[in-house]
Every structure is written in C-alpha cells, then in structure tokens.
Amino acid sequence: MLDKLNSLFREVQDTSIKTKEELELFRIHYQGRKGILAGLFEEFKTVPHEQKRKTGKILNDLKMAIQSRIDAYTQESGSPEETSLSDFDLTRPVTYMEPGPRHPLSIVRNQIIGIFSRLGYTVAEDREIEDDWHNFTALNFPEEHPARDMQDTFFIEKNPDIALRTHTSSVQIRTMEKNQPPIRSIFPGRVFRNEVISARAHCIFHQVEGLSVDKDVSFRDLKQTLLYFAKEMFGDDTQIRLRPSYFPFTEPSGEMDVSCNICGGKGCNICKYTGWVEILGCGMVDPAVLENCNIDSEIYTGFAFGMGIERITMLKYQIKDLRLFFENDLRFLNQFKGAF
Ligand code: PHE
C-alpha cells in the first residue's frame with residue numbers, strides 16, 4: 001500500500017488542472033464517493049496493525065495534498081465555489097456610506113421656499129408642457145404681438161398650441177383659475193427656452209414665481225416683500241433697487257437689483273463694476289390677467305414676481321459658469337456637502 005500511496009502523491013502533483021471542468025473531474029476522481037480516497041480508506045482497514053501508524057499518516061498527507069491542489073486552483077482562478085444565501089452574514093453591521101450632497105439648485109430652491117413659507121405663501125407646481133393659453137394668451141401676450149418674441153419657445157411641431165413652458169407664470173394662471181383670492185403662492189419649476197448654451201444661458205433652467213392677490217394689495221407690499229426676501233437670501237446688509245421694465249402681464253412692471261454681495265457695492269466683475277446685480281422681474285398683475293381668470297379686478301389687485309434659481313445660486317456661491325449645474329461633476333457637487 002505504501003508504494004501505491006507514493007505513486008499517488010506524484011500523480012496528484014502531476015495532474016494538470018486548468019479549467020473548472022478539470023478541477024471537478026479531479027475532485028470526483030479523488031474525493032468522490034467511489035473515488036481513490038474512499039478506496040484507500042477501505043483498504044486501510046486491512047493494513048496490519050503494526051503498519052497502521054505509518055500508513056495512516058501518509059494516507060492523511062495524501063488527503064491533504066489533494067485538498068491543497070483544489071484550494072490552490074480556486075484561489076488562483078478567483079472563482080470561489082458558488083455562494084448561497086447561507087454564506088452571507090446578514091447580521092454583520094454595514095459599512096457607513098456617506099449620503100450624496102444636495103444639488104446647489106435644490107439647496108437654493110429650498111431656501112427660497114423657506115423664506116416665502118415664513119411669510120405665509122403656499123407652494124404650487126404644475127405641468128412643464130403647456131398650452132398657448134396658460135403660457136401666453138391668458139398672460140396678456142396678444143396673438144402675433146412681438147412680445148412673444150421675448151421668449152424663444154420650443155413648440156411641439158405637430159401642434160403649435162402646445163409648448164414647453166417658457167416661464168412659471170403659467171402656474172399663476174392655473175392657480176387663479178382654480179382659486180379665488182386671497183391667493184398667496186409661489187411656483188417653483190423647470191422652464192425651457194431656445195437659447196444657445198453658454199456660461200450665462202441654458203435651454204433648461206429653473207424659476208420661482210410668486211403671486212399675491214387680495215383686496216388692497218399695492219406696490220408697497222411688493223417692494224417690502226422683495227426687500228425682506230433679499231435680506232433673508234443675501235444677508236441683512238443687502239439693499240434693493242427697482243427699475244422700470246415691461247412684461248405683458250404686469251403693469252407697472254419692474255426689474256429688481258440687489259447690491260452686489262461679492263464686492264459689497266464697490267464694483268467687481270460679477271456686478272460689472274456697477275455695484276448692483278439684477279435678480280428678478282416683477283410688477284402689479286395686469287387687471288386683464290385677473291379678468292382672464294375670472295377674478296374681479298374691481299375688487300382685487302395683486303403683485304407677481306419671478307426669479308431664476310440659477311442666477312441666485314451663482315451669486316450666492318460665486319459660480320461663474322451656469323453649465324456646471326448640469327454636468328453632474330462630483331468635484332463640483334461635493335462642495336455642497338452639509339447644506340440643505
Ligand atoms: N415671467 C417673467 C420671466 O420669465 C418674470 C416675471 C414674473 C415678471 C412675474 C413679472 C412678474 O422673465
């Protein structure tokens with residue numbers, strides 16, 4: 001038997017195992033129920049008593065040599081035996097995964113919502129694909145009026161009555177159609193314009209529009225609301241100024257600048273050395289718009305304003321290129337860790 005064991009040692013070392021199939025054949029040949037080892041252990045029973053110690057030791061060594069060839073192949077090929085659910089320790093504590101930071105546009109959007117919520121404004125959202133009535137006509141853009149050229153619109157080719165909304169003012173109309181005053185709401189959302197993408201413009205961007213309609217709402221209320229907003233957003237020292245402007249749906253209309261929070265009004269390249277940066281459009285809701293929504297303009301007045309979230313975020317965090325918001329570059333996004 002000793003001779004047999006010795007030649008088996010050589011055989012075990014010399015067998016080539018290159019594939020999974022060869023490994024399986026090897027395993028069955030030696031370790032199978034009717035395999036070589038089983039036969040040897042059977043034969044071992046007949047070994048004379050005085051040889052049992054020595055033979056037993058060699059037999060055990062052979063058994064281990066067979067196993068170590070199997071282990072070596074498994075390690076080398078990196079293909080462990082199939083695992084089953086019982087191989088997993090489900091009670092093991094998980095490794096901590098840091099949550100991803102919020103997108104800067106979401107952070108600022110939430111801040112804007114927070115500021116106006118504290119003033120009692122509710123939040124409403126609506127569709128991004130709009131009809132002509134809600135995006136233009138009800139907002140007092142006359143048919144074929146050049147005012148429509150103010151906004152380069154993405155129309156649906158098959159139906160020019162449907163477009164991607166160019167501003168969230170469409171939600172003003174939807175809200176007034178459904179509710180009678182008092183109305184005090186803000187409308188955050190994504191808007192679309194056919195713009196060439198650059199550091200300062202994109203064909204997709206985000207706005208928050210605000211609307212307040214009630215008895216005796218005046219321009220003073222608008223101004224005070226916007227001043228409060230500017231101070232909350234950019235700091236207590238912030239000043240505002242209103243310049244006359246034009247929107248078809250407000251009369252009078254204005255644009256609001258805030259004092260440049262980067263140079264403190266001294267002049268820098270962000271404010272183009274004027275000390276002021278424009279952040280929103282606003283005005284008193286045109287009575288014709290109220291009437292389009294069945295609100296009695298003899299009883300009620302209102303103000304509205306609309307701002308771009310990108311612009312405010314760029315100012316707040318001194319971001320110079322708007323395209324960064326859409327590239328999902330983690331080196332950019334990870335700088336907003338911890339902000340909500
Ligand atoms: N809708 C205007 C725009 O997109 C902004 C605006 C909203 C102006 C409300 C006045 C009142 O530019």
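Small disclaimer: the values here were computed from a predicted structure and weren't measured. Both counts, for ligands and for their atoms, begin at 1 and track the order of listing.
Between Q207 and ligand 1, an N or O atom pair is found at a separation short of 3.5 Å.
Ring geometry, F141 versus H167: the interplanar angle exceeds 60°, so the pair is classed perpendicular (tilted spans 30 to 60°).
For ligand 1 and R193, the ligand atoms under 4.0 Å from any heavy atom of the residue are 3 (C), 4 (O), 12 (O). In the vicinity of F305, heavy-atom distances shorter than 4.0 Å reach the ligand 1 atoms 7 (C), 9 (C), 11 (C). With ligand atoms numbered from 1 in the order given, ligand 1 contributes 9 (C), 11 (C) to contacts under 4.0 Å with heavy atoms of A304. Taking every non-hydrogen atom of C282 and a distance limit under 4.0 Å, the qualifying atoms of ligand 1 come out as 8 (C), 10 (C), 11 (C).
Note that CZ of F187 is 9.5 Å distant from CG of D126, once rounded to the nearest 0.5 Å.
Contacts between S169 and ligand 1, counted as non-hydrogen atom pairs separated by less than 4.0 Å, involve the side chain only.
Of the charged side-chain nitrogens involved, none lies within less than 4.0 Å of a carboxylate oxygen, so that K272 and E278 do not count as a salt-bridged pair. Looking at R165 and E209, no side-chain N of the basic residue comes within less than 4.0 Å of a carboxylate O on the acidic one, giving no salt bridge.
Using a 4.5 Å cut-off on side-chain heavy atoms (C-beta onward), F192 and E130 make no contact.
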